[in-house]
**Student:** 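Pasting a structure below so you can have a look.
Throughout, a chain's letter reflects where its sequence line sits, starting with A, and its residues are numbered from 1. All values reported here derive from a predicted model rather than from experimental measurement.
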Amino acid sequence: MPELPEVETIRRGLTNLVQGTTIVSVDALYPKMLNMPAKEFENMLAGKEILQIDRRGKYLLIRLSDDYTLVSHLRMEGKYDVVPEGTENQKHTYVVFHLNDERELRYNDTRKFGKMNLVKDSQVYDLSGLNKIGPEPTEEDLTFDYLKKQLHKSHRKIKAFLLDQSNIAGIGNIYADETLWLSKIHPEQATNYLSDQEIETLRENIIKEIQLAIKGHGTTVFTYKNAFGEEGSFQNHLHVYGKKGQPCERCGTPIEKIKVAQRGTSFCPYCQRVHGDLSE
DNA sequence: CACGATGTTCAAAA
DNA sequence: CTTTTGAACATCGT
């Protein structure tokens with residue numbers, strides 16, 4: 001499931017493979033995923049050069065000539081593939097970019113949840129999802145003061161808070177559970193009762209874990225694989241996600257799985273406990 | 001056969 | 001305003 005580290009891995013792969021190529025023509029096979037009619041989408045992309053590929057949170061920003069950006073979100077199972085011209089389409093190939101070097105860039109997505117928005121560069125941050133996106137989980141952008149302010153004005157469970165992209169960009173279900181376990185914070189803990197110490201621990205773990213996952217080329221779980229020779233090895237570093245019933249690495253208590261904010265949530269019931277006002 | 005779980009975002013409801 | 005819920009969709013396991 002592409003979270004920030006997986007999207008960053010794909011960004012790097014795409015940069016290596018298609019930066020500098022020109023799009024000759026496009027086949028848009030699933031119009032509902034686009035922000036305009038398929039014909040218009042195809043016509044507008046024809047002839048544009050792929051200048052550069054950026055990322056913001058889980059969004060890929062494919063920078064094109066003529067001041068256009070193709071904003072691509074993979075949602076759950078979106079994948080990119082680069083194949084020789086004429087290769088047979090896969091079952092769930094929904095966009096084919098014919099390049100000027102006898103190759104094709106393919107977008108595949110079994111669940112059909114992914115989205116592509118072709119907009120002028122200046123309109124990228126007007127798109128819903130990007131217009132309210134929070135800071136990147138880095139040392140420079142995710143400051144203690146910002147995180148504390150956001151946590152204290154929120155009245156939600158910490159897990160729901162972490163999944164909200166307007167608070168922090170790029171954290172999904174896997175890294176939410178992992179960073180909470182690392183920080184010994186219960187997923188249902190009320191955000192406004194976290195101590196300064198807990199906030200700083202959480203902040204450091206988020207930044208550290210995301211960087212580590214990028215180094216490991218992301219997490220390969222279920223059927224998710226990326227097609228750029230970078231398989232993803234971070235699943236070997238997971239502590240709670242997908243480990244229901246297995247002993248906690250710190251205390252041996254079996255990992256439990258519950259529903260928080262409608263999402264499957266794995267945690268250690270001994271290491272991660274809810275508390276109220278810390279001044280008690 | 002039916003049903004729930006899967007991860008992410010957005011629109012709509014509360 | 002904030003927060004929660006359901007929908008979008010396909011596939012797999014029970």
Side-chain angles (χ1 to χ4, degrees), chain A residues 1-11 28-35 55-61 71-80 89-95 107-117 119 124-134 137 149-180 187-193 210 213 218-226 232 234-235 238 240-245 255-267:
Chain A
M1 315 299 114
E3 300 187 24
L4 189 156
E6 290 76 28
V7 178
E8 175 61 19
T9 301
I10 291 163
R11 186 195 72 77
L29 308 172
Y30 183 62
K32 278 180 70 176
M33 68 178 290
L34 311 173
N35 65 329
R55 179 192 57 73
R56 184 71 172 86
K58 302 172 194 172
Y59 293 83
L60 284 169
L61 309 178
V71 179
S72 171
H73 197 295
L74 307 170
R75 293 290 183 104
M76 287 185 69
E77 300 203 44
K79 300 169 185 66
Y80 279 101
N89 277 7
Q90 286 152 260
K91 187 176 175 185
H92 298 291
T93 297
Y94 295 123
V95 184
Y107 177 74
N108 302 301
D109 190 348
T110 48
R111 292 286 286 280
K112 294 184 173 175
F113 277 10
K115 293 276 179 282
M116 285 189 195
N117 288 74
V119 297
V124 168
Y125 288 99
D126 296 333
L127 293 171
S128 66
L130 281 161
N131 58 349
K132 289 178 188 163
I133 197 162
K149 179 166 68 82
Q150 292 298 112
L151 286 165
H152 283 189
K153 80 177 186 192
S154 175
H155 295 276
R156 307 171 75 178
K157 296 165 180 175
I158 181 66
K159 166 107 180 202
F161 177 95
L162 291 175
L163 292 175
D164 186 339
Q165 303 296 296
S166 69
N167 291 318
I168 306 167
I171 298 178
N173 209 29
I174 297 172
Y175 296 105
D177 284 2
E178 290 298 317
T179 50
L180 287 174
E188 294 182 299
Q189 174 66 49
T191 56
N192 44 332
Y193 284 137
I210 294 281
T219 310
T220 304
V221 281
F222 302 113
T223 57
Y224 194 85
K225 285 196 185 77
N226 97 45
F234 194 71
Q235 66 276 15
L238 298 179
V240 282
Y241 184 86
K243 302 219 179 267
K244 177 182 157 187
I255 300 301
E256 282 183 16
K257 187 167 179 183
I258 58 173
K259 268 261 195 292
V260 181
Q262 318 291 98
R263 310 291 301 281
T265 299
S266 303
F267 74 110

**Student:** Please report, rounded to the nearest Å, how far the P atom of dT2(C) is from the CG atom of Asn192(A).
**Tutor:** 15 Å
**Student:** What nucleic acid atoms does Lys259(A) come within less than 4.0 Å of, heavy atoms only: base, sugar-phosphate, or nothing?
**Tutor:** sugar-phosphate
**Student:** When every nucleotide of nucleotides 8-14 of chain C is labelled 5' to 3' by its protein contacts under 4.0 Å (heavy atoms), B for base, S for sugar-phosphate only, - for none, what sequence of letters results?
**Tutor:** BBBS---
**Student:** Figure out the CZ/C1' separation between Phe161(A) and dT3(C), and round it to whole Å.
**Tutor:** 14 Å
**Student:** Output the distance between atom CZ (Arg55(A)) and atom OG1 (Thr9(A)), rounded to the nearest 0.5 Å.
**Tutor:** 9.5 Å
**Student:** Tell me the interatomic distance from Leu163(A), atom CG, to dT3(C), atom C1', rounded to whole angstroms.
**Tutor:** 14 Å
**Student:** Look up atom CG in Asn117(A) and atom CG in Leu127(A), then write down how far apart they are to the nearest 0.5 Å.
**Tutor:** 5.0 Å
**Student:** Which atoms form the tightest heavy-atom contact between His155(A) and Thr191(A), and what is the distance?
**Tutor:** N-OG1, 4.4 Å
**Student:** OP1, OP2 of dA5(B) versus side-chain N and O of Arg263(A): anything below 4.0 Å?
**Tutor:** no
**Student:** Choose from dT3(C), dG6(C), dT8(B) the nucleotide whose nearest atom is closest to any side-chain atom of Gln262(A).
**Tutor:** dG6(C)
**Student:** In whole Å, I'd like the distance from the CD1 atom of Ile133(A) to the P atom of dT9(B).
**Tutor:** 8 Å
**Student:** Just call it for Lys257(A): base, sugar-phosphate, or nothing, with non-hydrogen atoms closer than 4.0 Å on any strand.
**Tutor:** sugar-phosphate
**Student:** With side-chain hydrogen bond (donor to acceptor under 3.5 Å, both in side chains) as the criterion, how do Lys91(A) and Asn108(A) come out once you've worked through the C-alpha distance, each side chain's angles and the decisive distance to 0.1 Å?
**Tutor:** CA-CA 8 Å; Lys91(A) 187 176 175 185; Asn108(A) 302 301; over 6 Å; no
**Student:** Describe the nucleic acid contact of Lys58(A) in one word from base, sugar-phosphate, nothing, applying a heavy-atom distance below 4.0 Å.
**Tutor:** sugar-phosphate
**Student:** Is a donor on one side and an acceptor on the other found under 3.5 Å between the side chain of Glu77(A) and the backbone of Arg75(A)?
**Tutor:** no
**Student:** Does either side chain, that of Tyr107(A) or that of Ser72(A), offer a donor lying less than 3.5 Å from an acceptor on the other one?
**Tutor:** no
**Student:** Can you tell me if the side-chain N/O atoms of His73(A) get under 4.0 Å from OP1 or OP2 in dT9(B)?
**Tutor:** yes
**Student:** NZ/Lys115(A) to CG/Leu34(A) distance, rounded to the nearest 0.5 angstrom?
**Tutor:** 9.0 Å
**Student:** Of all the base pairs, Watson-Crick or G-U under 3.5 Å, which form stems of three or more consecutive pairs involving DNA chain C?
**Tutor:** B:2-6 with C:10-14, B:8-14 with C:2-8
**Student:** Backbone N or O of Ile158(A) within a donor-acceptor pair of the Arg156(A) side chain at under 3.5 Å?
**Tutor:** no
**Student:** Using whole Å, what does the distance between atom C1' of nucleotide dT8(B) and atom CG of Leu74(A) come to?
**Tutor:** 11 Å
**Student:** Measure the distance from CG on Asp126(A) to P on dC10(B) and round it to the nearest whole Å.
**Tutor:** 14 Å
**Student:** Taking the same atom, P, in dC1(C) and in dT9(B), what whole-Å distance lies between them?
**Tutor:** 22 Å
**Student:** Angle class for the Tyr30(A)/Tyr94(A) ring planes (parallel below 30°, perpendicular above 60°, tilted otherwise)?
**Tutor:** tilted
**Student:** Distance between the P atoms of dC9(C) and dA12(B), in whole angstroms?
**Tutor:** 16 Å
**Student:** Please tell me if Gln165(A) has a side-chain N or O lying less than 4.0 Å from either OP1 or OP2 of dT8(B).
**Tutor:** no
**Student:** In whole angstrom, give the distance that lies between atom CD1 of Ile158(A) and atom C1' of dT3(C).
**Tutor:** 15 Å
**Student:** Quick check for you: to the nearest 0.5 Å, what is the distance between Thr179(A) atom OG1 and Ile210(A) atom CD1?
**Tutor:** 7.5 Å
**Student:** Between dT9(B) atom P and Leu127(A) atom CG, what is the distance in whole Å?
**Tutor:** 14 Å
